[in-house]
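Worksheet for the structure shown next.
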Amino acid sequence: MPDPNMPDSNDFIAGMNSDSRKSPVRVAFVTRRTSAQVKARDDGGTVMVFPEALFRGAVAIELLLLVLVVFSLFWDAPLEELANPLLTPNPAKAPWYFLGLQELLHYFPPVVAGVLIPGLVVTALIAIPYFQINIEGEGLWSRNRTLRLRMVRITLVLFILFLASFHVWVALAPTLLMVGLMLYSATERHDAGRFHRWLASKPLSFWIMSWFLLSSAVLTLIGTFFRGPGWSFVMPWSGQI
Amino acid sequence: MAATLSQQLTALRRTRVWRSVFRGGNGTSNLDRALAVQQNLFLHLSSVKVRKRSLAFRVTWFLGTLCMGALMILVATGIPLMLYYHPSVPQAYADMKDLQSVVSAGVFLRNLHRWSAHAMVLLVFAHMFKVFYRGAYRPPREFNWVVGVILLIVTLLLSYTGYLLPWDQLAFWAITVGSNLLSSVPVIGPKVRFLMLGGNTVNANALLRFYVLHCVILPLTAATFVAVHFWRIRKDGGIYPGKDHKHA
Ligand code: HEM
């Protein structure tokens, strides 16, 4: 016997001939057995990748090209004398993105600066998304505050002593800045401003990454602009870098 | 009455030749636009639709797109540069001089390639930090983060191998300093260095090896992993739009 609730003939056609320009909307069929609970979920909606996203991407790339073309019209790439293995320039510098490491080479033995530290950095980067603590991302001080504060303090003192014993004064400055911010974020205050609340909500990974970003930027800048003959400290305008 | 540009375009897209090249999607309906992406080998790495929120500038700063843009500029300038370059000593350096004085727009070509290379290294680092700070590395995107780390290393190697090719003092000593670091790796360091340079010092063999790495092996590796990276963005649920405050 045919179902009395169903229409006896199709009053619609489904096919690959859509002329729609709108994103389809989810429709819920509410049968008699389910209670009518429709949750509207407004996640801002979607747009078509072609043309919307692709054109935006193209515009972004065109702007980049424009900047680089203008730059290339006004600044020439360096070309020095023919390579001469017998004539070592002083200082001899690696490409800029390795100058942070070359700066570290000045303080640590080559195994540490050239192998251990870059190896640790790459391992740490790969490991980031596989640690539960980085995934939950809750504020560092949101639980076990006293215990964590004590552990952080001990670690920081040991780390600063370590840097000092190798005379890595240049890395000490960014480290101290981060330590200052970190301890400030741990203070409990009832009149906390937005900046303090923002800092206090940050997880441990935020602190480590920001410290890494700041110190590698400082090390790279010093290696690039402030190192002259024999890796001595010079001013960028001294003409010796 | 003359047809407008868009009418002519539409007419072009209706021709048999056009339709034989692009498999479907030559109208303006959503279905056609979906097919334009999904039926295209390159575009189908991407999804057909994207969340409006994740297109906002503030989410990605378009940094991933710009990494891709820099890579495209580098390929487009790198191929013509290859036409004027011999990876041999001292011809490589003479070729640089020729670019400056003989080849039309040679200086510009070299400038654009070099500055784009620096830009790409910067952009890739910036993209990595941006992804980190917006928490887009979290599951299910954790493996795409790892693919990203591989891309970071490949980018650095591309830049580093390219650095030697002009064969001037800057190139020679930068690579010497860098490759000396390798010697400090216990046990295998000196052997890896020998393999990389084809000798104990930076010499003509090293130039040839760096050339092959720079122009063939590393670009192919980069292209492969970029493809995986883009495809994983779709598979992992699209660009992470950030926390949804309204429905947390
Ligand atoms: C050649 C280098 C690279 C290219 C061309 C590239 C390209 C892109 C593009 C176009 C996106 C889309 C969203 C966005 O723009 O942020 C993206 C997302 C992503 N990238 Fe990269 N990327 C590169 C390197 C990296 C690196 C070095 C990392 C991290 C170590 C990384 C990790 C990610 C992750 C996890 C996503 C997903 C983010 C999300 O879903 O919101 N990528 N990449």
Side-chain angles (χ1 to χ4, degrees), chain A residues 16 18-23 41-54 56-57 60-61 64-65 68-69 71-73 75-85 87-89 92-95 97-98 101-102 105 110-111 114-115 122 125-126 128-130 134-135 137 209 213, chain B residues 29-31 33-34 36-37 43 46-53 55 62 65-66 69-70 72-73 90 93 96 107-108 110-112 114-116 119 121 129 132 135 137-139 142 145-146 149 156 159-160 163 166-174 176-178 181 184-186 201 244 247:
Chain A
M16 294 283 280
S18 159
D19 236 1
S20 158
R21 300 243 193 131
K22 278 192 187 157
S23 294
R41 221 182 149 261
D42 174 25
D43 60 354
T46 55
V47 290
M48 302 305 291
V49 162
F50 176 87
E52 198 90 15
L54 286 175
R56 282 187 203 208
I61 291 175
L64 174 72
L65 179 62
L68 288 171
V69 163
F71 207 86
S72 303
L73 286 173
W75 280 277
D76 283 344
L79 186 67
E80 295 183 358
E81 298 297 303
L82 175 67
N84 183 352
L87 192 73
T88 315
K93 288 188 180 184
Y97 39 83
F98 286 150
L101 285 179
Q102 204 177 341
L105 201 58
V111 208
V115 186
V122 172
L125 283 178
I126 292 178
I128 287 173
Y130 293 98
N134 295 341
I135 292 161
M209 196 68 152
L213 173 58
Chain B
S29 73
N30 270 2
L31 175 64
R33 290 177 165 177
V37 171
L43 296 184
S46 157
S47 54
V48 159
K49 286 189 227 160
V50 55
R51 275 184 286 269
K52 237 185 230 163
R53 280 197 299 141
L55 277 190
F62 284 75
T65 311
L66 292 176
M72 281 160 38
I73 298 172
Y93 183 73
M96 291 300 118
V107 177
F108 175 73
R110 177 161 179 252
N111 287 351
L112 189 53
R114 188 155 183 126
W115 299 136
S116 303
V121 173
F129 282 107
F132 174 81
Y137 58 83
R138 285 178 296 213
E142 70 265 54
W145 169 268
V146 177
V149 175
L156 290 179
S159 172
Y160 184 69
Y163 217 84
W167 202 253
D168 62 345
Q169 279 288 73
L170 192 64
F172 183 89
W173 289 100
T176 302
V177 169
L181 266 186
S184 58
V185 182
T201 56
D244 190 349
H247 311 283

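When reading the values below, keep in mind they use all heavy atoms of this one structure, side chains included, and skip hydrogens, waters and symmetry mates. Residue numbers begin at 1 in each chain, while the letters A, B, ... track the order of the sequences.
Summarising the geometry, atom CG belonging to Leu64(A) is positioned 13.0 Å from atom CZ belonging to Phe62(B); distances are rounded to the nearest 0.5 Å. Interatomic distance, CE of Met72(B) versus CG of Leu65(A), reported as 9.0 Å (0.5 Å rounding).
In this structure, the side chains of Lys93(A) and Val177(B) stay at 4.5 Å or more apart for every pair of heavy atoms. Looking at heavy atoms from C-beta onward, Phe108(B) lies in side-chain contact with Val69(A) at the 4.5 angstrom threshold. A heavy-atom distance below 4.5 Å is not found between the side chains of Asn111(B) and Phe71(A).
For chain A, the nearby parts of Tyr137(B) are the backbone and the side chain; heavy atoms of each come within less than 4.5 Å. Using a 4.5 Å cut-off between heavy atoms, Ala171(B) does not touch chain A at all. Proximity to chain A is limited to the side chain of Ser46(B), based on heavy atoms less than 4.5 angstrom apart. Within the 4.5 angstrom heavy-atom criterion, atoms from both the backbone and the side chain of Arg51(B) approach chain A. Proximity to chain A (any heavy atom under 4.5 Å) is restricted, for Ile73(B), to the side chain, taken from C-beta onward. For Ser159(B), the parts lying near chain A are the backbone and the side chain together; criterion is any non-hydrogen pair under 4.5 Å. Contact annotation for Leu87(A): both backbone and side-chain heavy atoms come within less than 4.5 Å of a heavy atom of chain B. Contacts of Trp115(B) with chain A are made by both backbone and side-chain atoms, with heavy-atom separations under 4.5 Å. Residue Val37(B) touches chain A through its side chain alone, counting heavy-atom pairs closer than 4.5 Å.
Comparing Ile126(A), Asp76(A), Leu54(A) by how many heavy-atom pairs each has under 4.5 Å with chain B, the most go to Asp76(A). Taking Leu101(A), Leu79(A), Leu68(A) one by one and counting their heavy-atom pairs under 4.5 Å with chain B, the maximum is reached by Leu79(A). Ranked by heavy-atom pairs under 4.5 Å with chain A, the list Val185(B), Val146(B), Val48(B) is led by Val48(B). Counting heavy-atom pairs closer than 4.5 Å to chain A, the top-ranked of the candidates Leu156(B), Val149(B), Leu112(B) is Leu112(B). With respect to chain A, the highest number of heavy-atom pairs below 4.5 Å among Glu142(B), Lys52(B), Arg138(B), Gln169(B) belongs to Gln169(B). Listed options Pro166(B), Ser116(B), Gly178(B) were ranked by heavy-atom pairs under 4.5 angstrom with chain A; first place goes to Ser116(B). Of the listed residues (Phe129(B), Tyr160(B), Phe172(B)), the one with the most heavy-atom contacts under 4.5 Å to chain A is Phe129(B).
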- Evaluate the criterion side-chain contact (heavy atoms from CB on, under 4.5 Å) for residue pair Val50(B) and Glu52(A); output intermediate values, then yes/no. CA-CA 9 Å; Val50(B) 55; Glu52(A) 198 90 15; 5.9 Å; no
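In this structure a side-chain-to-backbone donor-acceptor pair under 3.5 Å is present from Trp145(B) to Leu125(A). A donor-acceptor pair under 3.5 Å is formed between the side chain of Ser184(B) and the backbone N or O of Leu181(B).
Annotation: salt bridge (charged side-chain N to carboxylate O under 4.0 Å, His left out) contacts of Glu81(A) (sequence neighbours excluded): none. With sequence neighbours left out, Asp168(B) forms a side chain to side chain donor-acceptor pair (under 3.5 Å) with no residue at all.
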